[in-house]
Amino acid sequence: MTIRLFNSLTRSKEEFVPREPGKASIYACGPTTYNYFHLGNARMLVVFDMVRRYLISKGYDVTYVQNFTDVDDKIIKRAAEEGCDPFVLARKYIDEYFKDASALQILPADVHPKATEHITEMIDIVAKLEEKGLAYNIDGDVYFAVEKFPGYGKLSGRSLEDMQAGARVEVDEKKRNPMDFALWKKAKKGEPFWESPWGQGRPGWHIECSAMALKYLGPGFDIHGGGGDLIFPHHENEIAQSEGCLDGEPFARYWMHNAFITINQEKMSKSLGNFFLVRDVLKKFSGNVIRFYLLGTHYRSPLDFDDEKLVMASKGLDRLKNSVRLAQEALAKVLPDEEPFFEDDLIAAARLARKSFEEAMDDDFNSAQAYSALFDLAREINTYLTKEIKQPFALTEACNTLQELGQILGFDLQAEDEISGEEEGKLSQVMDLVLDIRKNARKNKDWATADLIRDRMKEIGIVIEDTPDGVRWYLK
RNA sequence: GGCGGCAUAGCCAAGUGGUAAGGCAGAGGUCUGCAAAACCUUUAUCCCCCAGUUCGAAUCUGGGUGCCGCCUCCA
């Protein structure tokens with residue numbers, strides 16, 4: 001089965017044919033590190049992490065590159081406000097990035113290049129563009145001449161005339177064309193700078209991605225991803241710069257852009273100030289839940305945010321996890337059968353789930369639709385568990401399939417198990433005691449005590465459930 | 001002004017020509033001391049409105065209405 005994905009460049013779904021068979025190269029525009037990342041950033045990160053995981057699950061040898069913009073106006077400004085060194089500030093938020101990313105089950109990229117570590121490569125590109133007449137230096141500022149690049153506007157679907165007609169930008173008198181953009185910025189007083197052929201300065205924003213993508217993935221790499229607001233000007237400019245110095249080769253083959261998260265139907269953004277930091281949302285909901293919420297909508301559809309949506313996501317995820325837990329509980333009670341297994345409905349259901357899941361994901365990474373395969377399988381497992389005859393083999397197969405498919409989307413469906421080792425042993429002993437006391441209470445029909453124990457334990461995060469076969473407990 | 005997107009049940013959300021996935025919530029039932037979990041049944045004669053194309057449209061075309069995004073830093 002081949003993957004079809006929506007290419008922003010052609011505005012249509014295309015079959016994914018990688019540059020090299022069996023391999024996939026992805027470059028994702030990561031965050032500018034001047035703060036903890038917010039839910040909007042999280043959506044982009046989770047979406048491309050999901051794309052990466054799915055490609056890996058399909059057998060591709062994936063190289064995933066995600067940059068950190070660690071020098072730019074906002075970082076400098078923020079550092080000045082806090083009275084610290086911009087590099088120290090950027091470094092701090094890069095470290096913090098990995099904490100939140102890990103909570104959201106976002107795997108580290110194969111390469112996490114930083115802009116400040118690729119100044120030489122950027123200077124090389126700017127120099128080459130200048131040499132080719134696509135860039136010009138004015139008093140230490142180097143601009144890209146958009147008129148000299150015929151394909152300018154092909155990604156965002158607009159012509160230079162359109163853009164100038166609607167330009168709200170304050171025209172920089174130095175530019176030859178108002179749409180020309182900075183490749184290299186002359187250093188201002190107190191700002192960090194590097195030596196260059198044009199004097200002391202720092203790179204423009206767009207050039208870093210060109211330099212790093214070309215360095216680690218080379219021309220014509222497979223997928224370039226990012227948030228939809230990067231289409232213009234950032235990605236448009238990346239294409240211009242990169243292809244401007246590439247002699248006819250394409251920069252990236254497929255462009256993928258995720259839609260935004262909105263708050264009350266309005267875009268969540270740093271400039272509007274209506275953003276939620278992942279760090280804060282994690283205080284109320286687990287990373288797994290946030291991720292489940294984020295992937296519950298197709299990546300190209302807008303996604304509105306409020307706590308209620310996370311509560312819904314949390315309950316849905318619980319359903320999946322309950323199913324895995326119940327299956328494992330049942331498996332623990334029966335001995336593995338030594339009889340040869342036979343085809344039964346559950347085995348068929350597991351196969352069907354895998355197939356439906358793959359069909360959904362092959363179609364432009366439709367994770368929302370893939371969810372239904374997960375839920376369908378969970379129901380099949382649960383129903384199977386109510387039956388008299390249970391094949392351990394079938395149950396194992398179905399449970400493994402459910403967990404495996406969940407894992408492809410980055411969900412850990414294994415029950416929470418934060419306590420380990422020695423402490424777990426102690427907890428078990430305490431629980432044995434507590435449940436023993438409760439059992440006695442129930443025996444004496446002392447429902448008040450029995451219910452009090454159950455309620456209080458639930459508040460602590462330990463769920464107690466009575467079943468016909470006895471009591472069960474688990475951490476939540 | 002230019003370019004683009006979206007509108008599906010109480011809520012969330014798939015589906016892009018063949019007669020409405022899935023989740024949450026709700027209702028009834030089974031189980032239970034009660035609960036929880038789970039299971040079974042049930043919940044959109046209809047997909048913003050109006051025309052049109054078609055044997056057939058939520059899905060295509062045209063026209064409305066509403067909402068949103070990009071065109072400036074933003075995932």
Classify the nucleic acid contact of A:His298 as base, sugar-phosphate or nothing, counting any heavy atom under 4.0 Å across all strands shown.
-> sugar-phosphate
Does A:Lys267 make a side-chain donor-acceptor contact with the base of B:C74, cut-off 3.5 Å?
-> yes
Could you give the CG-to-P distance, from A:Leu409 to B:G22, as a whole number of Å?
-> 18 Å
Polar side-chain atom of A:Tyr152 near backbone of A:Asn237 as donor-acceptor pair, under 3.5 Å | no
Which whole number of Å gives the distance between the P atom of B:A25 and that of B:C12?
-> 15 Å
Just call it for A:Leu230: base, sugar-phosphate, or nothing, with non-hydrogen atoms closer than 4.0 Å on any strand.
-> sugar-phosphate
Between the side chain of A:Lys390 and the main-chain N/O of A:Leu385, is any donor-acceptor distance below 3.5 Å?
-> yes
Assign each of A:Asp72 and A:Glu465 to its nearest nucleotide of RNA chain B by heavy atoms, then name whichever residue's nucleotide is nearer the 5' end.
-> A:Glu465
Answer with base, sugar-phosphate or nothing: what part of the nucleic acid does A:Gly40 contact at a heavy-atom distance below 4.0 Å?
-> base
Given that A:Glu380 and A:Met44 both sit by RNA chain B, which one's nearest nucleotide is further toward the 5' end?
-> A:Glu380
Mind calculating the distance between CG (A:Asp318) and C1' (B:A38) to the nearest angstrom?
-> 14 Å
Name the nucleic acid region contacted by A:Lys74, choosing base, sugar-phosphate or nothing; use a 4.0 angstrom heavy-atom cut-off, strictly under.
-> sugar-phosphate
Which whole number of Å gives the distance between the C1' atom of B:U61 and that of B:A13?
-> 27 Å
Which of A:Arg351, A:Glu359, A:Glu358 passes side chain to side chain contact (heavy atoms under 4.5 Å, CB included) with A:Lys355? Answer is A:Glu359
Heavy atoms under 4.0 Å, any strand shown: does A:Arg78 hit a base, just sugar-phosphate, or nothing?
-> nothing
Given atom CD of A:Glu161 and atom C1' of B:G1, what is their separation to the nearest angstrom?
-> 15 Å
P atoms of B:C6 and B:A20, separation to the nearest Å | 23 Å
Paired to B:U72 by Watson-Crick or G-U wobble criteria (both distances under 3.5 Å) is none
Which part of the nucleic acid, if any, lies within contact of A:Arg472, taking any heavy atom under 4.0 Å across all strands shown: a base, the sugar-phosphate backbone alone, or nothing?
-> nothing
Checking all strands, does A:Asp451 fall into the base, sugar-phosphate, or nothing category for heavy-atom contacts under 4.0 angstrom?
-> base
Sugar-phosphate, base or nothing in reach of A:Asn382, heavy atoms under 4.0 Å = sugar-phosphate
Whole angstrom is fine here: how far is it from CG in A:Asp469 over to P in B:U32?
-> 11 Å
Per-pair stack call A:Trp447 and B:G33, 5.5 Å, 30° | yes
Output yes when a side-chain donor or acceptor of A:Arg291 lies under 3.5 Å from a complementary backbone atom of A:Phe411, and no otherwise.
-> no
Check: B:G4 base within 3.5 Å donor-acceptor of A:Arg158 side chain | no
Does the side chain of A:Asn382 pick up a donor-acceptor pair with the side chain of A:Arg379 at under 3.5 Å?
-> no
For A:Asn258, which contact category applies under a 4.0 Å heavy-atom criterion: base, sugar-phosphate, or nothing?
-> base
C1' atom, B:G26 versus B:C11: distance in rounded Å?
-> 11 Å
Measure from the side-chain N and O atoms of A:Arg438 to the backbone N and O of A:Ala450, and report whether any donor-acceptor pair falls under 3.5 Å.
-> yes
Looking across every strand, which nucleic acid part, if any, lies under 4.0 Å from A:Ile261 by heavy atom: base, sugar-phosphate, or nothing?
-> base
Please answer whether the main-chain N or O of A:Val146 pairs with a side-chain N or O of A:Asp180 as donor and acceptor at a distance below 3.5 Å.
-> yes
Under 4.0 angstrom between A:Lys315 side-chain N/O and B:A25 OP1 or OP2 = yes
Gap in Å between the two P atoms, one belonging to B:U59 and one to B:U16, rounded = 12 Å
Using a 4.0 Å heavy-atom cut-off across all strands, classify A:Phe375 as base, sugar-phosphate, or nothing.
-> sugar-phosphate
So what does A:Ser269 touch, heavy atoms closer than 4.0 Å: a base, only the sugar-phosphate, or nothing?
-> base
Decide yes or no, distance alone: a donor-acceptor N/O pair under 3.5 angstrom between the base of B:C40 and the side-chain of A:Arg379.
-> no
Spacing of A:Ile462 atom CD1 relative to B:A36 atom C1', expressed in whole Å | 16 Å
Distance between C1' atoms of B:C31 and B:C47 (Å, rounded) | 38 Å
Looking only at side chains, do A:Tyr474 and A:Glu465 share a donor and an acceptor under 3.5 Å apart?
-> yes
How close or far is atom P of B:C34 from atom NZ of A:Lys458, stated in whole angstroms?
-> 17 Å
Confirm from the modelled atom types if A:Arg43 and B:A75 form a donor-acceptor pair under 3.5 Å, side chain to base only.
-> no
May I ask you to say whether A:Lys185 pairs ionically with A:Asp73, meaning some side-chain N is under 4.0 Å from a carboxylate O?
-> yes
On a whole-Å scale, what distance lies between the C1' atoms belonging to B:G52 and B:G17?
-> 15 Å
Across all strands, who's sitting opposite B:U53 as a Watson-Crick or G-U wobble pair, both distances under 3.5 Å?
-> none
Residue pair A:Asp70 / A:Thr116, side-chain donor-acceptor N/O under 3.5 Å = yes
How is A:Asp376 classified with respect to the nucleic acid when contacts are heavy atoms under 4.0 Å: base, sugar-phosphate, or nothing?
-> sugar-phosphate
Rounded to whole angstrom units, what separation is found between the CZ atom of A:Phe260 and the P atom of B:G4?
-> 17 Å
Pick base, sugar-phosphate or nothing for A:Ala42, based on heavy-atom distances below 4.0 Å to the nucleic acid.
-> nothing
Please state whether the phosphate of B:C74, meaning OP1 or OP2, lies under 4.0 angstrom from any side-chain nitrogen or oxygen of A:Asn41.
-> no
Report, as a single string ordered 5' to 3', how protein heavy atoms within less than 4.0 Å touch nucleotides 5-12 of chain B: B base, S sugar-phosphate only, - not at all.
-> ------BS
Going by distance alone, is a donor N or O of one side chain under 3.5 Å from an acceptor N or O of the other, for A:Gln66 and A:Tyr97?
-> yes
Taking atom C1' in both B:G22 and B:A9, compute the distance separating them and give it to the nearest angstrom.
-> 13 Å
